[in-house]
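In the text below, chain A, chain B and the rest are named by the order of the sequence lines, each starting its count at 1. Only heavy atoms go into these numbers, but all of them, side chains included; no hydrogens, no water, no symmetry mates. Treat the numbers as computed from the prediction; the structure is a model and nothing was measured.
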Protein chains: 2
Amino acid sequence: MRLPVRRAAEVCPVEVAVSILGGTWKLTLVKHLTAGPLRFGQLGRRVPAANRKTLTRALRELEEDGVVHRDVHAEVPPRVEYSLTALGGTLAPIVEAMDSWGADYAARLAADPLQGRGSSRSA
Amino acid sequence: MRLPVRRAAEVCPVEVAVSILGGTWKLTLVKHLTAGPLRFGQLGRRVPAANRKTLTRALRELEEDGVVHRDVHAEVPPRVEYSLTALGGTLAPIVEAMDSWGADYAARLAADPLQGRGSSRSA
DNA sequence: CAGCATCCTTTATGATACTG
DNA sequence: CAGTATCATAAAGGATGCTG
């Protein structure tokens, strides 16, 4: 459903960013990683609504897109640390802008529960 | 597939923004409307890759979410103008941030065509 | 012109259970 | 612990044709 990055690039630069970051949980994951590297389980506890498979897929795609680095430690039990790449670090302004906009939007919803469609899209 | 806004709000503010703006074409439409109101056909010509139905749906959802205003003129032939609401106008920083990030990303791709997955997601 | 109706395909996301 | 495998489902996005 999401545009391939190269095709998005032919349309509009914003669409490139959307195709890489638009997936559910992806920007939330990036946001949490902004504070520093986290293990798979730690990320999972920070985003309980996402199951392991979904989480794995999102992280793999972010990795393929060069946003996230995956560090597998050869230990038992396994330890896998995720961190932002240099490119991923450049997402900070986007994360901040969307975080504050989303917070404002949520505040409006709370103030006027009748506004917006709110439940027209499932999970 | 996309989270309902209210559920997203329980997870993370960034997820609220993603649920509203994450759909294909949506941020591109907002970007074009930043320059001023546009008619349906004008928007379509600016985003030729999206067909009428997809365009209509995206605009309706943006309208329901309070980002876009739809102005139907009682004329023949019909004239429908889309514009940003006040709330939609507050998206400018996000649009700018994602536009420049996407442009940088596309430039990297062009410089090193082997990087990224680029075609792992269809349209 | 700006849509809507219909039908279709893809795939994102999830539930659940198993494994090195 | 950090996954993978399998199966299921809804919904996003699209093609095409009709209409006030």
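Listed candidates were C:dG14, C:dT6, D:dG13. Nearest to the side chain of B:Thr54 is D:dG13. When distances run from any side-chain atom of A:Arg57 to the nucleotides D:dA2, C:dT6, C:dT13, the shortest one goes to C:dT13. Of the candidate nucleotides C:dG14, D:dA2, D:dA15, D:dA15 has the atom nearest to the side chain of B:Asn51. Of the candidate nucleotides C:dA2, C:dA12, D:dA5, C:dA2 has the atom lying nearest to any side-chain atom of B:Val80. The side chain of A:Pro78 approaches C:dG20 more closely than any other nucleotide in the set C:dG20, C:dG3, D:dG3. Picking from D:dG3, C:dG3, C:dC7 the nucleotide with the shortest atom distance to the side chain of A:Arg70 gives D:dG3.
Rounded to an integer number of Å, the gap from A:Arg7 CZ to D:dG13 C1' is 10 Å. Rounded to an integer number of Å, the gap from NE2 of A:His73 to P of D:dG3 is 11 Å. For A:Lys53 and D:dG3, the NZ to C1' distance is 12 Å, given to the nearest whole Å. When rounded to the nearest whole Å, the span between CZ of B:Arg60 and P of C:dA2 equals 12 Å. The separation between B:Glu15 atom CD and C:dA12 atom C1' is 13 Å, rounded to whole Å. In this structure, the OH atom of B:Tyr82 is 11 Å from the C1' atom of C:dC1, given to the nearest Å. If you take CG of A:Leu3 and P of D:dA12, they are 15 Å apart, rounded to a whole angstrom. What separates NZ of A:Lys26 from C1' of C:dT11 is a distance of 12 Å, to the nearest Å.
Comparing B:Pro77 and A:Glu81 by the nucleotide of DNA chain D whose heavy atom lies nearest to each, the residue mapping closer to the 5' end is A:Glu81.
Contact check for B:Leu59 versus B:Leu43: side-chain heavy atoms found under the 4.5 Å cut-off. Contact annotation: the side chain of B:Ile94 approaches that of A:Met98 to within less than 4.5 Å [non-hydrogen atoms, C-beta and beyond]. Under the 4.5 Å side-chain criterion, counting only non-hydrogen atoms from C-beta, A:Arg70 is in contact with A:Arg60.
Between B:Ile20 and B:Val67, the shortest heavy-atom distance links the atoms CG2-CG2, 4.2 Å.
Listed in residue order, the members of residues 36-46 of chain B having a heavy atom less than 4.0 Å from DNA chain C are B:Arg39, B:Phe40, B:Gly41.
Taking hydrophobic clusters as Ile, Leu, Val, Met, Phe, Trp and Tyr residues chained together by side-chain heavy-atom distances below 4.5 Å, A:Val76 does not share a cluster with A:Val80.
Exactly one of A:Leu87, A:Leu29, A:Leu33 qualifies for a side chain to side chain contact (heavy atoms under 4.5 Å, CB included) with A:Val68. That residue is A:Leu33.
For the OP1/OP2 pair of D:dG13 and a distance below 4.0 Å, the side-chain nitrogens and oxygens of B:Thr24 include at least one atom meeting the criterion.
No donor-acceptor pair under 3.5 Å is formed between the side chain of B:Glu15 and the backbone N or O of A:Thr24.
A donor-acceptor contact under 3.5 Å is not formed by the side chain of B:Arg52 with the base of D:dG14.
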